[in-house]
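Okay, so here's the structure we're looking at.
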Amino acid sequence: MDKVYDNKKTEAKIYKEWEEKGLFKPEINPKGKPYTIILPPPNANGALHFGHAMFTVEDILIRYHRMRGHAALWLPGTDHAGIETQFVFEKKLKEIGKSRFDYDQETLYQMIWDYVETNKGGIEDQLRKLGFSLDWSRRKYTLDKDIVKLVYKTFKKMFDDGLIYRGQRLVNYCTFDGTSFSDLEITYEERNSPLYYIKYGPLVLATTRPETKFGDTAVAVNPKDIRYQQYIGQEIEIETVLGRARIKVIGDESVDPEFGTGAVKITPAHDFNDFEVGKRHNLEMKQVIGFDGKMNGLAGKYQGMYIKQARKEVVQDMQKKGLIDHIDHEYVHRIGLCYKCKNVLEPLPMEQWFIKVKPLAEKAIKVVKKGKIKIYPKSFEAWYFNWLENLRDWNISRQIVWGIRIPAWKNKNTGEWKVTDGEAPPGNDWEQDKDTFDTWFSSGQWPYLTLQTTRSGDFKEFYPTDVMETAYDILRAWVSRMVMLGLYLTDEVPFKNVLFHGLVNDPYGKKMSKSKGNVINPLELIDQYGADAVRFALIYGNATGNDQSLSYSKLDAARKFTNKLWNMARFINMKREIRNSKFEIRNNLTRKQLEDLAVHKNDKEMIERTEKLAQEITRLLDKYDFNHAAQNLYDFIWHEFADKYIEDVKGRIDENSYFILNTLFLILLKLLHPFMPFVTEDIYKTLWGKEDYLMVSNWPSFV
RNA sequence: GGGCUCUUAGCUCAGUUGGUUAGAGCGCUUCGUUUACACCGAAGAGGUCAGAGGUUCGAAUCCUCUAGGGCCCACCA
């Protein structure tokens, strides 16, 4: 044995053996109770980052349960990640002087498909490097034919059940990228934006968007505002840049009398709040800005101008006519930006598919309240409820090509919509919706979609899954939707427990991001410290669900720990001539059998303490306390077993004590295996030359 | 504005249902090496647990307030 443990010599080799022997498959324990985790599917086009490395938690659970004899299934998959991926691809196109507008929908889709295919294997190989015992024979992809088919079916079922409607709703639309964004995808920024106090007949009202005034269909004041009582319900005559007009004054609670003048213009087609007000008062929608970002015919002489220019000219013309009371140039407010191109998002009315979330959300709240789904750490329950209780209908249409195209057809003559489970309706009059589904619509059904399409019987056996483990930042976008859609599709919860891990920041506590240039690639650290050390460092000393900063000293400590283990094994190996063949190292000794062989009181004591440790580790893993399990193992193995016990045995070693030493060390390796799979397996093989594998040996129980 | 979370040793962080002298890693000090490991061992220094008040026999832990940091959500015409 080498003096220093060299992870590079063993990791890839051991992983290959495990995989080739089929040890990652649940069939390895054919009679075991199923234990299932579905891997949150990484972006098929992406690369490994520390978020993925945190899935170590899942590997620990799977390896632990596999050793306990469960039919443990950890199912891998990848996500097409609609907007993300298309965005990356469009940047590639830009490099060669092209844009998506140079291709038709089918061609562009095929090009992105090919691009993703060439990169798809990358992320999987990287997950292997972390030692993840995923059942690769069951891997799925959100664009697999069978998955897509089921997604169509879900949409049709929801449509037939009246849960899906086509509505004209305001969407946050990027006129540059030509797509709308969900609430979750918008980035906000504080920006200076002059507040114009404009004259509306007898009133003065404040607006940051004078160019939308052509779309005004009312003026609103607070119904309790005594200043404006006489106008409520009246029509007032106003002077505008396009001539005289009449407009209704309404009273609405949403108007803040403190802001501006307490009177506000209502533009239902171009403002989210106004849209709601418009609905309450049955106001007409007048769209004056087109999807190209230009003013349309209703804007009179401003037609064809981009928003910015139109605003400038409208203000100038109003000033000339004396319609501007004054301007607050200091005004700062928050505006929604396109997270891709940073352009200001326009609220525009658009026909989209929406899911009525209320009935789904109510059930999703109930299952958590009733404890059918448990959330760890518990504090995230509040987030979950808060989100689901205030949910707006879910817009699932996306104006991008990279995704699952919505199986809805519009009749060219009648305008009627037909939803199918994938097939075009007969006849030539039907045109398919160009939009694709929001990525979360498919990934939100992931536990159902995967288990329905792996092998026959899988769904029955492995659904509902045991644990959904993921970063807390996608609680809303993903976890809550899986609960809603899972319940809808199967009448059962998709998973029994939700476990959140924190984010991994850079060594200075700053969030890792490409734009900041502080991204650390886990693969480099695996190379340098070993996969076991990287895994251990992420688990040790960090409470479940808390963010952590990457710590080189912790990585160092973890690597030294692997070396310590290796040298403990070396010591045992060096004394191997003491071994008596009548004492064979076995996997399933009872405590009694072992104690009967112990002669020295220190050996007896160590057997007892090791048993206690095994019980403690089992208890901690069952309550997802990985941190303390890791700490207990580290402390016991290093400072009790190595520093004290081995030193003690050294001076008095004989056949019996040597056997006890071997056996207890084996037990410790088993307990540590879920955390540090490679070095423990390597030692197992090296020390005892076994044909079988530690990873599928039985969990120590001393029963 | 609403919600969540954090503030513990020089640094990074643990501290499980409140219970004796508050722990770890790294760093620091002193000592140790004829073979398991210097990626080691032994010993040690270092904390008024952000501040104030309260509950309690007992508080880092529970409650209230204050200060500071972080995150999420909503709204801002």
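Letters A, B, ... mirror the listed sequences (proteins, then strands); counts begin at 1.
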Report the residues that fulfil side chain to side chain donor-acceptor pair (under 3.5 Å) with A/T56, sequence neighbours left out, ordered by chain and then residue number.
none

Would you tell me if any nitrogen or oxygen in the side chain of A/S549 comes within less than 4.0 Å of OP1 or OP2 on B/C13?
yes

Heavy-atom nearest nucleotide on RNA chain B for A/L620 versus A/S551: which residue maps closer to 5'?
A/S551

Residues forming a side-chain contact (heavy atoms from CB on, under 4.5 Å) with A/S657, sequence neighbours excluded
A/D603, A/V649, A/R652, A/I653, A/D654

With P as the reference atom in both, quote the distance from B/G27 to B/C65 in angstrom, rounded to an integer.
43 Å

When the C1' atoms of B/C26 and B/U21 are compared, how many Å lie between them, rounded to an integer?
25 Å

Between A/H628 and A/R209, the residue closer to the 5' end of RNA chain B by nearest nucleotide is A/H628

Identify whether any heavy atom of A/H639 sits under 4.0 Å from a base atom; if not, whether one sits that close to sugar-phosphate; answer base, sugar-phosphate or nothing.
sugar-phosphate

Rounding to a whole Å, what distance do you find between A/D625:CG and B/A24:P?
18 Å

Apply side-chain contact (heavy atoms from CB on, under 4.5 Å) to A/D317 and list each qualifying residue two or more places apart in sequence or on a separate chain.
A/V241, A/K301, A/Y302, A/K320

Taking CD from A/E381 and P from B/G3, how many angstroms apart are they, rounded to a whole number?
18 Å

A/P194: what forms a side-chain contact (heavy atoms from CB on, under 4.5 Å) with it, not counting sequence neighbours?
A/N192, A/Y196, A/I327, A/H329

Take atom CZ of A/F500 and atom P of B/C71, then tell me their distance rounded to the nearest Å.
19 Å

Could you tell me how far B/G70 sits from B/C75 if I compare only their P atoms? Round to whole Å.
23 Å

Please work out which of the three classes, parallel, tilted or perpendicular, describes the rings of A/Y634 and A/W638, given edges at 30° and 60°.
tilted

By side chain to side chain donor-acceptor pair (under 3.5 Å) - contacts of A/K312 (at least two apart)
none

Using the C1' atom on both, measure B/A50 against B/A43 and round to a whole Å.
33 Å

To the nearest Å, give me how far apart CG (A/L633) and P (B/A14) are.
19 Å

Would you measure the distance from the C1' atom in B/U17 across to the matching atom in B/G58 and give it in whole Å?
16 Å

A/Y552 atom OH is separated from B/C26 atom C1', nearest whole Å, by 15 Å

Pull out every protein N or O sitting under 3.5 Å from an N or O of nucleotides 36-39 of chain B, one pair per line with the distance.
from	atom 1	to	atom 2	distance (Å)
B/A36	OP1	A/K650	NZ	3.2
B/A36	O2'	A/N567	OD1	2.7
B/A36	O2'	A/R570	NH1	2.9
B/A36	N7	A/K650	NZ	3.1
B/A36	N6	A/E647	OE2	2.8
B/A36	N3	A/N567	O	3.0
B/C37	O4'	A/N567	OD1	2.8
B/C37	O2	A/K564	NZ	2.8
B/C37	N3	A/K564	NZ	3.0
B/C39	O2'	A/N563	ND2	3.3

State which residues pass side chain to side chain donor-acceptor pair (under 3.5 Å) with A/K8; sequence neighbours excluded, sorted by chain then number.
none

B/C73 to B/A24 separation - C1' atoms, rounded to the nearest Å
37 Å

Approximate separation, where rounding is to 0.5 Å, of A/K286 NZ and A/T217 OG1
7.5 Å

How far, in whole Å, is B/G10 from B/C4 if one measures between their P atoms?
32 Å

Rounded to whole Å, how long is the line connecting atom CG of A/N627 with atom C1' of B/G23?
12 Å

Parallel, tilted or perpendicular: which describes the rings of A/Y228 and A/Y231, with under 30° parallel and over 60° perpendicular?
tilted

At a cut-off of 3.5 Å, list every protein nitrogen or oxygen paired with a nitrogen or oxygen from nucleotides 4-6 of chain B, distance to 0.1 Å.
from	atom 1	to	atom 2	distance (Å)
B/C4	O2'	A/W383	NE1	3.4

Not counting sequence neighbours, which residues clear side-chain contact (heavy atoms from CB on, under 4.5 Å) with A/K644? List them please.
A/E640

Interatomic distance where OH belongs to A/Y200 and C1' belongs to B/A77 [whole Å]:
12 Å

Please give the distance between the P atoms of B/C28 and B/G69 as a whole number of Å.
33 Å

Side-chain ion pair, A/K358 and A/D393, N-O less than 4.0 Å:
no

A/L195, nearest nucleotide to its side chain (from B/G15, B/A77, B/A24)
B/A77

Round to the nearest Å and state the distance from A/D473 atom CG to B/G3 atom P.
23 Å

Using the side chain to side chain donor-acceptor pair (under 3.5 Å) rule, collect all pairs that involve residues 197-210 of chain A, keeping only residues at least two apart or in two chains.
A/Y200-A/D216, A/R209-A/E211, A/R209-A/E346

Hey, does A/A206 reach any base, or is it just sugar-phosphate, or nothing, if we go heavy atoms under 4.0 Å?
base

Table please: side-chain donor-acceptor pairs of residues 558-565 of chain A below 3.5 Å, with sequence neighbours left out.
from	atom 1	to	atom 2	distance (Å)
A/R559	NH2	A/D556	OD1	3.2
A/T562	OG1	A/R559	O	2.5
A/N563	OD1	A/Y5	N	3.1

Counting Watson-Crick and G-U wobble pairs whose two distances are both under 3.5 Å, find the runs of 3 or more in a row that involve RNA chain B.
B:1-7 with B:67-73, B:10-13 with B:23-26, B:28-32 with B:40-44, B:50-54 with B:62-66

